[in-house]
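To keep things clear, I will list the structure first and then write my remarks on it.
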Amino acid sequence: MKSTSLLSGSQAIARGAYEAGAQHVVGFPGAPVSDIIAAFDALPDTAAHWSPNEKVGLEVALGISQGGARTLAALQHIGMNIAADPLIASAYSGVNGGLVIAAIDDPGMLSSMNEQDTRHFARAAKLPMLAPSDPQETIEFMKLGFSMSEKYDVPVLLRMTTRLCNTRGLCMTGEAAVHAARNIGLKSPKTVADGLSRHEALEKQLAAIEVFSTQAFEINTIDVGSSDVGIITSAVPYLYAKEVLPTASFLKLGILHPLPHKLISYFATLVKRLYVVEELDPFLEEQIKAMGITVIGKDAFPRTGELTPDIVAKGLSTEGAVVTSALSVPVKLPSRQSNLCLSCAHRGLMNVFQAMNLNVVGDIGCFNPGELPPADPEEMDACFCIGASMSVAFGLSLASDAPSARRTVSVVSGSTFMHSGLPALANIVQNSGTATVCLLAAPSNGDSVVPASTVDYRMLCEGVGVRRIRTVHPDDEQSIEAALREELDAPGVSVIISAR
Amino acid sequence: MNRDIILAGVGGQGILTIAAVIGYSAVERGLFMKQSEVHGMSQRGGDVSSHMRISDREVHSDLIPEGKADLIIGIEPMEALRHTSFLKPDGWIIANKKPFVNVTNYPDFELVWKRVEEHSNSILIDGEKIARDVANAKAVNIVLLGAASTHVGLPVEDLENAIRVMFARKGDAIVDANLRAFAAGQKFAAEKEAVSA
């Protein structure tokens with residue numbers, strides 16, 4: 001039975017996978033992946049498999065696919081980096097049950113610290129990529145993704161953005177399809193010769209997908225309007241362009257890779273001036289220019305940040321898009337700092353770090369000390385990427401033998417320790433390095449849903465050869481400070497586990 | 001029919017609840033709608049806003065262009081001001097009076113209130129007092145929705161019905177408390193608009 005409901009983009013990803021007959025989802029917690037996994041898990045006969053990191057998660061998904069069932073993998077853009085190895089391997093091995101990977105970019109950094117453009121992964125991994133523009137289309141493209149994945153024997157990427165994941169729109173929802181498990185057996189290249197032939201097969205599949213893409217007029221849609229102005233665009237920027245210049249001709253690309261080159265050439269003949277409206281990198285623009293077609297792209301639109309209807313209108317103002325003069329904000333307004341949850345277990349530890357004037361190498365997570373008022377920004381130290389606090393601090397100690405006025409401490413949470421921290425810790429021990437690590441094992445946000453909550457951290461640290469391990473209560477600032485003073489003076493690697 | 005509405009406040013003030021009430025009403029009416037939410041740090045005292053676009057024709061962009069919004073509902077007065085660049089010159093600002101201060105450089109309260117009231121179509125409302133008087137302090141968001149209800153572009157009965165549906169699982173007492181909060185907000189705004197007119 002069909003019905004109408006108001007779904008977010010995240011819910012639509014889950015709904016589309018469900019309606020395609022997928023019964024599994026894998027992912028590592030983080031906004032908006034957690035929303036997708038929770039939404040999928042709430043649907044009947046589905047299973048959510050939280051993973052300690054994205055590489056492990058995608059490998060589980062690959063196994064589910066090889067076993068013949070359909071599965072969804074939900075990854076943040078940064079998660080795509082972690083999962084790049086199985087991602088590229090999966091393009092060569094192919095699939096049995098359909099595998100769709102929702103890859104969520106974050107223009108504007110609404111929930112992360114970088115604006116990488118994941119569309120490049122489609123070309124690097126040689127995988128087809130779909131890009132919906134609203135929640136309804138997300139459901140449809142998700143179903144298309146699963147059928148394409150099985151038809152062309154490749155995983156399919158569904159490129160989303162944080163904005164789209166958090167947009168609600170009306171959706172027609174239907175029943176779940178019954179997907180009979182396909183039992184074709186394990187397949188992966190076993191020799192170099194196999195790998196080479198799989199690469200050739202993959203190139204043939206991409207060529208076949210381009211033929212499909214060129215004829216898929218419901219997915220790559222042409223909307224003929226003005227013969228003066230044509231706009232090639234996709235996803236959410238399409239909606240902004242349509243809003244501010246509805247009279248233009250549009251080629252809206254639902255398939256971003258491989259590009260439907262013939263369709264683009266045809267569209268270019270319909271109009272006098274051609275624009276490319278896309279967020280972040282000139283991904284479409286450069287490929288279209290390489291076809292010898294003149295387009296206006298990043299000369300008119302920014303490479304950084306999110307697009308908005310107003311930014312798109314400015315870029316198209318010479319074509320008649322109206323930029324409304326806005327009321328000025330009548331008083332200077334401060335931005336509101338985010339801060340630790342009032343109930344956060346780690347407040348005590350942060351207080352001690354500050355009181356001791358420590359050089360804190362942080363990790364990704366809500367406890368990132370630099371974000372914590374009243375932390376002095378001058379004392380914000382470093383935070384690179386997930387799991388990096390221990391390895392970076394080790395590197396710091398290698399760079400200089402000179403005693404620093406400020407002692408260095410690494411901070412890692414249970415979930416980031418399990419994500420990629422453990423090899424970093426083992427590495428310091430194996431290289432006879434010195435480090436003082438604070439492992440925040442009291443549950444914080446992400447820890448409650450990953451195996452991190454049940455891990456015996458002391459045993460893990462012992463197992464990789466750490467000899468100085470002590471446990472402190474997160475509220476007992478005196479004991480934390482005493483432990484830190486002692487361990488900072490001790491040789492070798494110390495781990496202070498903060499746990500209730 | 002076409003209404004562009006911005007809901008603004010601080011995480012935890014119930015922005016998404018009133019978005020859900022408006023959204024439910026619009027869907028029940030068979031209207032097109034899109035709603036953009038900005039969460040992220042919302043649970044930790046960050047600012048939260050939502051763009052809602054309701055129309056009898058297809059809605060493209062989920063974001064409202066600057067200068068196009070018909071209404072800003074601010075559950076916090078500085079957050080209401082933060083979005084005035086989106087407002088039409090004759091659009092309405094319905095803002096709660098009580099500042100939520102979690103920054104050291106919050107502007108002078110009187111100045112914030114004055115800036116809201118300088119806008120020709122504005123209502124500044126002591127939502128906490130009204131909510132406490134007729135229901136409970138948590139119902140501030142619904143008081144604000146009540147005060148804004150004649151500018152939402154949907155029949156008031158639809159919004160009341162949506163409140164019944166949204167709060168049904170919390171029991172009749174909570175439903176009734178929120179309906180009283182809604183009515184009290186509506187009454188306050190009607191009296192205020194009558195005086196200005």
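- For chain A, the nearby parts of L87(B) are the backbone and the side chain; heavy atoms of each come within less than 4.5 Å.
- Between chain B and the residues L170(A), T167(A), T324(A), the most heavy-atom pairs under 4.5 angstrom are made by T167(A).
- No side-chain donor-acceptor contact under 3.5 Å links E278(A) and T233(A).
- The closest side-chain donor-acceptor pair between H83(B) and E66(B), if any, does not fall under 3.5 angstrom.
- Taking the six-membered ring where tryptophan is involved, the planes of F109(B) and W113(B) are tilted, since the angle between them lies from 30° to 60°.
- Of the possible polar contacts, one joining the S55(B) side chain to the R57(B) backbone as a donor-acceptor pair under 3.5 Å is found.
- For the set T162(A), L6(A), V236(A), T4(A), the entry with the most heavy-atom pairs within less than 4.5 Å of chain B is L6(A).
- Aromatic ring centroids of F86(B) and H51(B) lie under 6.0 Å apart.
- Contact of E76(B) with chain A is made through the side chain alone, with heavy-atom distances under 4.5 Å.
- A donor-acceptor pair shorter than 3.5 Å can be found between the side chains of S3(A) and T173(A).
- Looking at H119(B), the atoms closer than 4.5 Å to chain A (heavy atoms on both sides) all sit in the side chain, from C-beta outward.
- When heavy atoms are compared at a cutoff of 4.5 Å, K68(B) approaches chain A solely by way of its side chain, counted from C-beta outward.
- Ranked by heavy-atom pairs shorter than 4.5 Å toward chain A, the options M52(B), E79(B), K88(B) are led by E79(B).
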